[in-house]
Amino acid sequence: MAEKVTPRDVDYSRWYTDIVLQGKLADYSPVKGAMVIRPNGYAIWEMIQKYLDKMFKDSGHVNAYFPLLIPESFMKKEAEHVEGFSPECAIVTIGGGQELEERLYIRPTSETIIWSMYKKWIMSYRDLPILINQWANVVRWEMRTRLFLRTSEFLWQEGHTAHATSEEAEEETLKMLNIYKTFVEEYLAIPAITGKKSESEKFAGALHTYAVETMMQDRKALQAGTSHNLGQNFAKAFDVQFQDKDGKLNYVWATSWGVSTRLIGALIMAHSDDRGLVLPPRMAQRPVVIVPIWRGDDQKVQVLEFADSVYQELKAKYNVIFDDREQYKPGYKFADWELQGIPIRVEIGPKDVANNKLVLVRRDTMEKQFIDRKGVLETVTDELNKMQSELLEKARIFRDENTFDIDDYDEFKKILAGKGGFLKSHWCGGAECETKVKDDTKATIRCIPFDRKKEDGKCIVCGKKSSGRVVFAKAY
RNA sequence: CGGGGCGUAGCGCAGUCCGGUUAGCGCACCUGCCUUGGGAGCAGGGGGUCGGAGGUUCAAAUCCUCUCGCCCCGACCA
């Protein structure tokens with residue numbers, strides 16, 4: 001606790017790590033590349049689960065659970081899929097002391113095992129759609145890892161749906177993407193761009209991939225969620241056919257979609273400051289902390305009594321921390337809770353008791369307000385709501401200020417070599433130009449945004465005709 | 001897998017070049033006193049086979065050989 005958070009402008013990457021470690025969100029584990037999610041971090045994941053799960057259920061989905069281990073032969077059934085995932089898979093070769101006849105992959109994603117089951121479950125159009133979601137862990141053997149953003153094991157949810165028609169699958173793919181967008185904006189308070197991925201960025205085995213893209217404070221992009229239209233690829237690989245009303249056999253249409261604990265990384269990088277984590281109130285399991293302050297035993301009794309009455313009132317609605325630890329002075333406690341991102345701090349000292357007031361400090365603005373004791377619950381609720389919407393607004397302004405329409409490749413390169421940002425530029429649709437941009441600048445096409453305007457222009461690289469702009473950025 | 005760096009108390013480090021008392025410092029931890037409106041102070045205390053193995057020597061954290069592990073930067077990725 002003695003160490004301070006490295007400021008963002010000194011070293012952004014150190015800053016991020018400091019926030020995670022000092023905010024007690026996660027810690028390095030004995031297993032290389034894997035992290036321990038500590039209670040503060042897991043609480044955020046629980047909030048993500050709580051809200052998303054409700055959104056999934058409200059849109060007709062149900063939860064299920066499939067095995068962690070996948071037979072090697074399953075992984076190899078879909079050509080693009082195996083090519084995309086094999087290099088980063090961990091494989092079990094021994095079980096019960098015996099070499100296994102067939103090796104088992106630790107799931108990097110569950111399409112294959114789920115579709116092997118769907119084959120058993122789907123006979124008729126009456127069995128469709130299947131709208132299943134799974135909350136699970138997956139393993140991808142990454143070379144370079146970063147807390148929450150990329151670890152060899154991570155938690156996520158993966159939806160896997162089966163449909164009778166292509167149109168219905170496409171509709172589902174877009175519906176889930178929009179649920180992610182809504183969640184990211186309304187709960188995580190991060191403005192989101194939705195759009196389609198280019199061929200090179202799409203999911204291994206998908207027809208096409210849609211994504212939610214967000215901007216972090218270092219102006220880099222972070223993909224917050226993806227939704228894939230898998231077409232009939234997996235149905236064909238696993239021979240899943242159904243009989244339609246006319247008695248004809250058809251392959252089933254599929255989607256899959258997911259978000260991971262990476263969202264916690266996004267949340268941290270979007271809002272936090274040099275004092276530590278800043279949590280949007282809706283994502284805070286414990287949104288309020290009360291810090292009583294006194295001098296001498298007489299004051300202690302009065303202050304604690306007054307503070308307790310405030311605590312009782314707020315406790316009716318919020319999970320409130322009452323920090324009456326005696327071994328720490330107020331300054332320490334302020335710093336401690338700021339590091340952990342508690343959205344609202346209430347300070348109660350002798351002066352407040354005398355005036356029947358209290359001090360309220362919002363984590364995002366850090367402004368101290370003297371508020372009346374009466375109506376404290378309403379005031380706190382009001383401030384939490386304001387903080388939620390102001391965080392989103394602030395992030396939106398930041399993103400817009402760092403999004404540019406660029407038509408000149410030299411300028412394009414210059415910006416990416418400097419501050420960076422989202423660059424909206426014309427693109428011919430060719431993979432060569434996309435690769436050249438990546439080689440020249442490390443930036444990639446984040447998405448072809450849904451809301452792009454029809455506009456004639458020339459590809460930023462080759463100058464060929466283009467009918468609209470795509471979003472380029474360096475990404476996590 | 002290429003390039004760089006590091007293993008000494010829970011964490012961060014000094015000591016290693018040039019071998020020599022009982023291996024030291026900061027933070028954290030424990031006890032007591034004192035304190036509480038921005039990361040207090042004082043006093044006392046616990047905790048280390050110096051990453052591992054072998055060797056040289058009267059003597060090794062320090063020199064030699066081998067070995068294991070980790071971190072950072074690149075190629076790959078949610």
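Within every chain, numbering begins at 1; the chains are lettered A, B, ... in the order of the sequence lines, protein sequences first and strands thereafter.
Using a 4.0 Å heavy-atom cutoff across all strands shown, A/Ser152 reaches no nucleic acid atom at all. A/Arg275 comes within 4.0 angstrom of a nucleotide base, judged by non-hydrogen atoms across all strands. Across all strands, A/Lys300 comes closer than 4.0 Å to no nucleic acid atom at all (heavy-atom distances). Heavy atoms of A/Arg14 sit nowhere under 4.0 angstrom from any nucleic acid atom. Counting non-hydrogen atoms under 4.0 angstrom, A/Val259 reaches nothing in the nucleic acid. Within 4.0 Å of A/Leu222, counting heavy atoms only, lies no atom of the nucleic acid at all. Residue contacts for A/Glu142: at a heavy-atom cut-off of 4.0 Å it reaches a base atom on one of the strands shown.
Taking atom CG on A/Asp27 and atom P on B/rC71, their separation rounds to 13 Å, with Å as the unit. Taking atom CZ of A/Arg345 as the reference point, atom P of B/rG37 lies 12 Å away to the nearest angstrom. The interatomic distance linking A/Glu213 (CD) with B/rA78 (C1') rounds to 11 Å, in whole Å. Taking atom CD1 on A/Ile48 and atom C1' on B/rA78, their separation rounds to 14 Å, with Å as the unit. Between A/Asp439 atom CG and B/rA75 atom P there is a gap of 10 Å when expressed in whole angstrom units. At whole-Å resolution of the value, CG in A/Asp323 and P in B/rG38 are 15 Å apart. The nearest whole Å value for the distance from the CD atom in A/Gln302 to the C1' atom in B/rU36 is 16 Å. Atoms CZ (A/Arg146) and P (B/rG74) sit 11 Å apart, rounded to a whole Å.
The six-membered or imidazole ring of A/Tyr118 lies away from that of A/Phe234, with a centre-to-centre distance of 6.0 Å or more. For A/Phe148 and A/Tyr16, the ring centers sit 6.0 Å or farther from each other.
Summary of the strand contacts: A/Val353 and A/Gln327 both lie near RNA chain B, and taking for each the nucleotide with the nearest heavy atom, the more 5' one is attributed to A/Val353. Checking A/Pro350 against A/Ala475, the closest nucleotide of RNA chain B that is more toward the 5' end is the one next to A/Pro350.
As the counterpart of B/rA61, no nucleotide is assigned, since no Watson-Crick or G-U wobble pattern has both distances under 3.5 Å. Base-pair partner of B/rG74: B/rC1 (Watson-Crick or G-U wobble, both distances under 3.5 Å). The partner of B/rC27 is B/rG10, by the rule that a Watson-Crick or G-U pair needs both atom distances under 3.5 Å. The base-pairing partner of B/rC33, taking Watson-Crick or G-U wobble contacts with both distances under 3.5 Å, is B/rG41.
Closest to the side chain of A/Tyr328, out of B/rG37, B/rC29, B/rG74, is B/rC29. Closest approach to the A/Arg295 side chain among B/rG38, B/rU36, B/rA78 is made by B/rU36 (side chain taken as heavy atoms from C-beta onward). Comparing B/rG38, B/rA78, B/rA40 by their nearest atom to the side chain of A/Tyr332 picks out B/rA40. Each of B/rG37, B/rA78, B/rG74 was ranked by its minimum atom distance to the side chain of A/Lys442; first place goes to B/rG74. Out of B/rC76, B/rU36, B/rG74, the shortest distance to the side chain of A/Trp294 is found at B/rU36. Listed nucleotides: B/rA78, B/rG37, B/rG38. Nearest to the side chain of A/Glu338: B/rG38. In the set B/rC76, B/rU35, B/rG38, B/rU35 carries the atom at the smallest distance from any side-chain atom of A/Glu326.
Taking atom P on both B/rA40 and B/rG45, the two are 24 Å apart, rounded to the nearest angstrom. Between the P atoms of B/rG47 and B/rG24, the separation comes to 13 Å (whole Å). Between B/rA23 and B/rU56, the two C1' atoms lie 22 Å apart (nearest whole Å). Between the P atoms of B/rC70 and B/rU31, the separation comes to 37 Å (whole Å). Across B/rC27 and B/rU67, the matching C1' atoms stand 33 Å from one another, rounded to whole Å. A distance of about 32 Å separates the P atoms of B/rC64 and B/rG26, rounded to the whole Å. Going from the C1' atom of B/rG5 to that of B/rU36 covers 44 Å, rounded to whole Å. Nucleotides B/rC11 and B/rU57, compared at atom P, are 36 Å apart to the nearest Å.
Partners of A/Glu199 by side chain to side chain contact (heavy atoms under 4.5 Å, CB included), not counting sequence neighbours, listed by chain and number: A/Lys202.
Under the 6.0 Å distance and 45° angle rule, A/Arg399 does not count as a cation-pi partner of A/Phe422.
Ring geometry for A/Phe203 against A/His228 counts as parallel: the plane angle stays under 30°, on a 0 to 90° scale with 60° as the upper cut.
Listed by first then second residue, pairs satisfying side chain to side chain donor-acceptor pair (under 3.5 Å) with a partner in residues 77-86 of chain A number zero, not counting sequence neighbours.
A/Ile48 and A/Trp135 make their closest contact through O-CH2, 4.4 Å (heavy atoms, listed as atom of the first residue, atom of the second, distance).
At B/rU36, none of the side-chain N or O atoms of A/Lys333 fall inside 4.0 Å of OP1 or OP2 (strictly under the cut-off).
Classification of A/Glu313 and A/Arg373 as a salt-bridged pair holds, one side-chain N sitting under 4.0 Å from a carboxylate O.
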